[in-house]
Peer 1: 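One structure, as C-alpha cells, below. Some questions next.
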2 protein chains.
Amino acid sequence: MTDPIELNLDGNAFPDRTERADAAANRALILTTAERLFRERGVENVCMAEIAEVAGVGKGTLYRRFANKGELCLALMDSQLAEFQDSMLGRFQSLTQQGTPFLEQLAQFLESLVEFTEVHSPLLLEVARAGIVHMDARLNVPHFWQYMTVRALLRSAARNDELVADLDLDYFGEALLAPLQVDYFRFQRYVRNYSTARIGMGLRSMVKLLAA
Amino acid sequence: MTDPIELNLDGNAFPDRTERADAAANRALILTTAERLFRERGVENVCMAEIAEVAGVGKGTLYRRFANKGELCLALMDSQLAEFQDSMLGRFQSLTQQGTPFLEQLAQFLESLVEFTEVHSPLLLEVARAGIVHMDARLNVPHFWQYMTVRALLRSAARNDELVADLDLDYFGEALLAPLQVDYFRFQRYVRNYSTARIGMGLRSMVKLLAA
DNA sequence: CTTGTATCTGGACTTTAGTCCACTTGTGTG
DNA sequence: CACACAAGTGGACTAAAGTCCAGATACAAG
C-alpha cells in the first residue's frame with residue numbers, strides 16, 4: 001500500500017546538511033521547554049518570545065529552527081504522528097490479510113483519525129492558524145499523509161469492486177477528510193456539541209454510502 | 001422552507017440602539033474606504049490602521065464598528081450575501097413548484113455556493129482567519145445560514161422519501177459543507193488545482209449518494 | 001593546533017492586531 | 001433653547017509574531 005512518508009517534522013529545517021551539535025542541543029531544549037509550557041498553561045497562552053526566554057535562547061535561534069508556532073507544534077507531535085501512522089499501516093496489513101473490505105478499513109481509519117484529532121486539537125489548531133497565515137507547505141504534511149492513505153484505500157476498494165461506479169476518487173478523498181480539519185472539527189465538537197462517537201459514526205455512514 | 005435569517009452583518013454592533021448619525025456616516029466611510037483599498041491592493045496587504053488613516057478616523061472608531069478585520073470583511077459582503085440568499089430561496093420555491101426533487105435542489109445549492117466561495121474567497125479567507133483566532137460567533141453567521149438551508153433541504157428530501165434510510169441528517173449537513181470552508185476550498189483550488197467545476201461535480205455526486 | 005567559513009545566536013527592531021480611556025459630540029427631554 | 005449623558009472618537013499603548021544582522025562558534029581541513 002502506501003509507503004510510509006518521511007514526515008520530517010522534527011524541526012530540522014535543513015535536513016540535507018548535518019546540524020551542528022550545539023544547534024541540535026538547542027532544538028531539543030526548545031522542544032522540551034515548549035512542551036512543558038504548553039502543558040502548564042495551554043498552547044494559546046504561551047508566546048514564542050516566552051518559549052525562547054524560558055529556554056534561555058534568543059528569538060533568532062527559536063525562529064531559525066521553527067519558522068512559526070505551527071511548525072513548533074507540529075514538531076511536538078512528530079513522534080505521536082509517526083506512531084499513529086505506523087499503527088495504522090500495521091492494522092491495514094492485518095485487516096487485509098483477514099480479508100476485511102477496504103471500505104471497512106477506511107471507516108476505521110477515519111474513526112481513529114477522529115480520536116487523534118480530538119486528542120491533539122490544541123496543537124493542531126495552532127498549526128491550522130499558522131497555515132492560514134503563511135502558505136507554508138510543511139504545515140500540510142500530516143494532511144498529505146492522511147490524504148494519501150484515504151486515496152489508497154479508496155483505490156484498493158475500487159479495484160476490489162467495493163465501490164459504486166464513476167466516483168471521482170481523488171475528490172472524495174479530500175471530501176471525506178474535510179470535516180476533520182481542526183477548525184471545523186472543533187466547531188462540531190464545541191459549538192454543535194457533537195460527541196466524537198457521533199462524528200465517527202457520521203463519517204462511517206458516509207463511507208458506507210460509497211459501497212456498491 | 002427556511003425563513004430568511006436576519007444576517008445583520010452591516011457592521012452596526014448594537015442593533016437594538018439607534019446609531020448616531022455621525023457614527024453611521026463614519027461606518028459608511030470606513031466601508032467604502034476599505035472596499036477601495038482592498039480592490040486596489042488586495043485584502044491581505046491592507047492593515048486596519050491604514051484603513052482608519054485613509055478614511056480619516058481613529059483606530060478606536062474603526063474597531064468600535066468592526067471588532068476585527070473579519071467582521072469588516074463580512075460587512076463588505078453583506079449585500080452580496082443577502083442577494084445570494086434571496087436568489088436561492090426564490091430558486092427553491094420555483095424548483096419545488098416544478099416538482100424538482102429536493103436532492104437536486106441541494107446539489108444546485110452547493111454548486112452555487114462553490115461559485116460564491118470562489119468569487120469571495122479573499123474576503124472569506126480573512127473571515128476564517130479572524131474566526132480561528134477569536135471565537136467570534138458573528139463570524140459564523142454565513143455558515144449558520146448555509147447549514148440551515150442544507151439541513152432544511154435534507155429534511156424535505158427525507159420527508160419526500162428521496163433519501164436512503166437512517167442518515168444522521170444533522171451531521172450530513174455539516175459534512176457536505178465542510179469542503180466549502182474557505183481554507184480547505186483554497187487548498188483544493190490552488191494546491192490540488194481542482195477547477196470549480198470539478199469541485200461542484202464532486203459535491204453533486206456526493207449528494208447523489210444520499211439518494212434512495 | 002590554527003584557521004577559514006558555514007552555521008548559529010541573541011536581541012533589537014518592525015509590523016500589525018487589538019485595547020483603553022480621556023475627551024468630544026449628537027440627541028432626546030424638559 | 002440648554003443641558004445631561006449616552007454614544008462616539010482619536011490616538012497612545014500593549015502584545016505578539018516574525019525579521020534581520022553583526023558577532024560568536026563549531027567543526028573540517030591542513
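The chains referred to below are lettered A, B, ... by the order of the sequence lines, with proteins before strands, and numbering in each begins at 1.
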Peer 1: I'd like to check A:F102 versus A:R155 (side-chain heavy atoms, cut-off strictly below 4.5 Å). Are they in contact?
Peer 2: no
Peer 1: Take the protein atom NZ of B:K69 and the nucleotide atom C1' of C:dT15, then report the distance between them rounded to whole Å.
Peer 2: 12 Å
Peer 1: Tell me, for nucleotides 22-28 of chain D in 5' to 3' order, what letter each nucleotide earns: B for a base near a protein heavy atom under 4.0 Å, S for only sugar-phosphate near one, - for neither?
Peer 2: ---BSS-
Peer 1: C:dT15 C1' sits how many Å from B:K59 NZ, rounded?
Peer 2: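 The distance from NZ of B:K59 to C1' of C:dT15 comes to 10 Å, rounded to the nearest Å.
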Peer 1: With sequence neighbours left out, what residues match B:Y184 under side chain to side chain donor-acceptor pair (under 3.5 Å)?
Peer 2: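 Applying side chain to side chain donor-acceptor pair (under 3.5 Å) to B:Y184 gives A:E174.
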Peer 1: Does any non-hydrogen side-chain atom of A:L154 lie less than 4.5 Å from one of A:L210?
Peer 2: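 A side-chain contact exists here, since the closest heavy-atom pair is under 4.5 Å.
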Peer 1: Near DNA chain C, which residues from residues 38-58 of chain B have a heavy atom under 4.0 Å away?
Peer 2: B:C47, B:M48
Peer 1: C:dT9 P sits how many Å from A:L29 CG, rounded?
Peer 2: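 Going from CG in A:L29 over to P in C:dT9 covers 10 Å.
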Peer 1: Shortest non-hydrogen contact from A:A158 to A:L169?
Peer 2: CB-CD1, 4.0 Å
Peer 1: Measure from CZ on B:R27 to C1' on D:dA7 and round the result to the nearest Å.
Peer 2: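 These atoms are roughly 14 Å apart.
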Peer 1: Output the rounded distance in Å from CZ (B:R64) to C1' (D:dG11).
Peer 2: 15 Å
Peer 1: Please collect all ring pair (Phe, Tyr, Trp, His ring centres under 6.0 Å) contacts where either partner lies in residues 119-142 of chain A, sequence neighbours excluded, each pair once.
Peer 2: A:F116-A:H120
Peer 1: Determine, step by step, whether A:R91 and A:S112 satisfy the side chain to side chain contact (heavy atoms under 4.5 Å, CB included) criterion, reporting the C-alpha distance in whole Å, the side-chain angles of both residues, the deciding distance to 0.1 Å, and the verdict.
Peer 2: CA-CA 11 Å; A:R91 187 137 123 216; A:S112 301; 3.3 Å; yes
Peer 1: Cationic tip of B:R198 within the cone over B:Y194's six-membered ring, i.e. under 6.0 Å and within 45° of the normal?
Peer 2: yes
Peer 1: What does the list of N/O pairs under 3.5 Å between the protein and nucleotides 1-3 of chain D look like, with a distance for each?
Peer 2:
none

Peer 1: Roughly, in whole Å, what's the span from CG in A:L62 to C1' in C:dT9?
Peer 2: 12 Å
Peer 1: Between A:H134 and D:dG18, does any side-chain N or O lie under 4.0 Å from OP1 or OP2?
Peer 2: yes
Peer 1: For A:R204, which residues count as a side chain to side chain donor-acceptor pair (under 3.5 Å) partner, sequence neighbours excluded?
Peer 2: A:E104, A:E111
Peer 1: At less than 4.0 Å, is any side-chain N or O atom of A:T61 found next to OP1 or OP2 of C:dG10? Yes or no.
Peer 2: yes
Peer 1: Under 4.0 Å from OP1 or OP2 of C:dA17: is there any side-chain N or O of B:R129 that close?
Peer 2: no
Peer 1: Would B:R192 pass as a cation-pi partner of A:Y171, given that its NZ or CZ must be under 6.0 Å from the six-membered ring centre and within 45 degrees of the axis?
Peer 2: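 No, B:R192 does not sit over the ring of A:Y171.
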Peer 1: Hey, is the side chain of A:N26 poking within less than 4.0 Å of OP1 or OP2 on C:dT9, counting only N and O atoms?
Peer 2: yes
Peer 1: For atom CD of A:Q80, is the number of surrounding heavy atoms from other residues, nucleotides or ligands below 6.0 Å larger than 12?
Peer 2: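 Count over threshold, so yes.
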Peer 1: CZ of A:R65 versus P of C:dG10: gap in Å, rounded?
Peer 2: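 So the two atoms are 11 Å apart, to the nearest Å.
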Peer 1: Determine whether more than 12 heavy atoms belonging to other residues, nucleotides or ligands lie under 6.0 Å from atom CD of B:E44.
Peer 2: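 Check fails, neighbour count at 12 or below.
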Peer 1: Please evaluate residues B:V127 and B:L123 with respect to the criterion side chain to side chain contact (heavy atoms under 4.5 Å, CB included), reporting the C-alpha separation (whole Å), side-chain torsions for both, the decisive distance (0.1 Å), and the verdict.
Peer 2: CA-CA 6 Å; B:V127 176; B:L123 287 175; 5.5 Å; no
Peer 1: Given atom CD of A:E126 and atom C1' of D:dA16, what is their separation to the nearest angstrom?
Peer 2: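 Rounded to whole Å, this separation is 12 Å.
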